[in-house]
Amino acid sequence: MRQLLGTAFAATWIATISWADVPRVATDIAPIHGLVSQVMKDLGEPDLIIRPGASPHSYALRPSEARALSQADLVVWIGEGLAPWLEPSIEQLATNAHVLELLALPSTTILPYREGATFETHDHDEHDAHDDHGHDEDHKDHEGHDEHSEHAHDEHNHDEHAKHNEEHESHDAHPEHDEHAHDEHHQDEHADHDKKHDDHHGHGHSAGDPHVWLSPENAITWLSVIAEELSELDPENASKYQKNAQEGIAKIQQTKADLAPQLSNIADKSFVVFHDAYQYFEISFGVTAAGAISLGDASDPSPARIAEVRDTVRDLNVACAFREPQYNSGLVDTVLEGTEAKALILDPLGTKLELGSDFYPELLQEMGKTLIACVN
């Protein structure tokens, strides 16, 4: 009996040592947590910084989330284009960590922001251009595409950046920032962030739509990059990380193959989204939003923008509008008032999904099912 207890203790001790050798990973949003979970599988579990149901565009860190950053060996996040408030926290707290900013990867496809409250005509042009570059088949034209995105952003989106900077200035006054772990330095950090934002813009890293995780092609690319990062930190488990990444790639490819024919049946249906976060998903699956009630950062829309979207709903006989669990659904009701369009919840962050290695394929499936249910 004593020998059995000793054997069990030794096995537990060895497992503990093995677990301790696995890098600690912190991720920003649930879809990225899902991709990292797939690569790590049974070797470890990443920490999630932005809790489910919260908007990544503005957030106040909890002590446990700040602690996860401070203990991380690797931080995997979308980038300051999605969560500008997180960048100074990573710099201050994750001082010993490798940082993988997905928006800054040359292999990440970044689309320019769409202009205006309605963009159906613009999107058809984007679809044609995207098809010409063979997006659905491979990513061989990333460099040309990134150059196009940066050029388009420079020519057409100076107003968007002006609004973005104004929002940062008003964001400093937000009461929730009193809860930030390093609020005493926030004003200086914010000024520094604006400079970094301009620097990123010059390099094309944050010059486009930051909702890049809704492109299955981007997710496939990132799985391999995440596996490489973890392999560098933990060479003994490199083969496992690589194997898990390939398994994750196969899952996403199969999910897309299953969804594509179903979504092709609604390619001619019009719908409106709460905020402009879905063009990566639209292009990957051949569907097109007629417009967005809010801007890409989900800031409150102007009365004129709401009126424009309402007119689009009526003029195009839009079948459906989508709410999001993170934001005020009353705006959707206002847009749909007096029309026969219905509203459902479309969640780009998968708030109700269970965290884990299957999260990302399930997110794609849920979004596809919701689109089909809403427009049919």
Side-chain angles (χ1 to χ4, degrees), residues 11-51 56 61-83 86-108 139 142 181-182 196 200 205 212-213 217-252 355-361:
T12 303
W13 182 80
I14 291 170
T16 302
I17 294 298
S18 177
W19 181 275
D21 290 339
V22 173
R24 294 287 300 267
V25 185
T27 62
D28 54 351
I29 57 175
I32 305 307
H33 181 277
L35 295 175
V36 175
S37 294
Q38 170 60 45
V39 177
M40 297 184 78
K41 288 296 278 290
D42 55 344
L43 292 173
E45 180 73 19
D47 291 309
L48 179 63
I49 300 302
I50 303 173
R51 64 183 179 273
L61 285 179
R62 295 175 173 181
S64 61
E65 295 154 353
R67 185 165 56 252
L69 280 176
S70 68
Q71 296 174 346
D73 300 303
L74 172 64
V75 177
V76 185
W77 70 310
I78 293 294
E80 60 91 27
L82 181 73
L86 183 55
E87 186 172 39
S89 297
I90 292 174
E91 291 176 350
Q92 294 169 15
L93 299 173
T95 53
N96 297 318
H98 288 220
V99 178
L100 180 60
E101 182 181 355
L102 300 174
L103 273 174
L105 294 177
S107 57
T108 297
H139 287 273
H142 273 308
H182 288 268
K196 288 180 180 178
H200 277 300
H205 289 168
V212 284
W213 71 90
E217 292 77 18
N218 278 340
I220 286 171
T221 297
W222 298 340
L223 282 169
S224 296
V225 177
I226 293 166
E228 290 172 6
E229 288 285 332
L230 286 168
S231 297
E232 181 180 341
L233 293 170
D234 181 16
E236 290 185 7
N237 287 312
S239 62
K240 294 181 181 179
Y241 294 130
Q242 299 295 336
K243 179 181 177 182
N244 292 341
Q246 291 304 311
E247 179 184 293
I249 289 170
K251 286 182 184 178
I252 295 174
L355 295 175
S357 59
D358 290 327
F359 184 96
Y360 189 84

Would you compute the distance between atom [atom1] of [X] and atom [atom2] of [Y] and round it to the nearest 0.5 angstrom?
X    : Y   : atom1 : atom2 : value
L61  : S89 : CG    : OG    : 4.5 Å
L355 : H33 : CG    : NE2   : 5.0 Å
I249 : Q38 : CD1   : CD    : 9.5 Å
I90  : E80 : CD1   : CD    : 10.5 Å
L48  : I50 : CG    : CD1   : 7.5 Å
E65  : S70 : CD    : OG    : 12.0 Å

### Query
For D73, which residues count as a salt bridge (Lys or Arg N to Asp or Glu O under 4.0 Å) partner, sequence neighbours excluded?
none
Student check: side-chain heavy atoms of [X] and [Y] closer than 4.5 Å:
X    : Y    : answer
L35  : I252 : yes
N218 : L105 : no
L102 : V212 : no
S231 : E228 : no
P56  : I78  : no
L230 : N237 : no
L100 : W222 : no
I29  : L82  : yes

Taking all atoms of both residues into account, what is the closest heavy-atom pair of [X] and [Y], and its distance?
X    : Y    : result
E45  : S37  : OE2-OG, 3.9 Å
S224 : Q246 : OG-NE2, 4.3 Å
E91  : T95  : O-CG2, 3.8 Å
G34  : F359 : CA-CB, 3.9 Å
A72  : A97  : O-CB, 3.2 Å
A245 : A227 : CB-CB, 3.8 Å

#### Entry: The single option from V76, V39, V99, L74 passing side chain to side chain contact (heavy atoms under 4.5 Å, CB included) against E229
L74
### Message
Between T108 and A104 (side chain of the first, backbone of the second, donor and acceptor by atom type, cut-off under 3.5 Å), is there such a pair?
### Response
no
### Message
Set out, in order, the CA-CA distance, both residues' side-chain angles and the distance that settles side chain to side chain contact (heavy atoms under 4.5 Å, CB included) for K251 and E247, then state yes or no.
### Response
CA-CA 6 Å; K251 286 182 184 178; E247 179 184 293; 3.8 Å; yes
### Message
Looking at K41, I'd like to know if its NZ atom is crowded, meaning that more than 12 non-hydrogen atoms belonging to other residues, nucleotides or ligands lie closer than 6.0 Å.
### Response
yes
### Query
Among all residues two or more places apart in sequence or in another chain, which pass the ring-ring contact (aromatic ring centres under 6.0 Å, His included) test with W213?
H211
### Task
Go through D47 and R24 one step at a time and tell me if the side chain to side chain contact (heavy atoms under 4.5 Å, CB included) criterion holds.
CA-CA 8 Å; D47 291 309; R24 294 287 300 267; 3.4 Å; yes
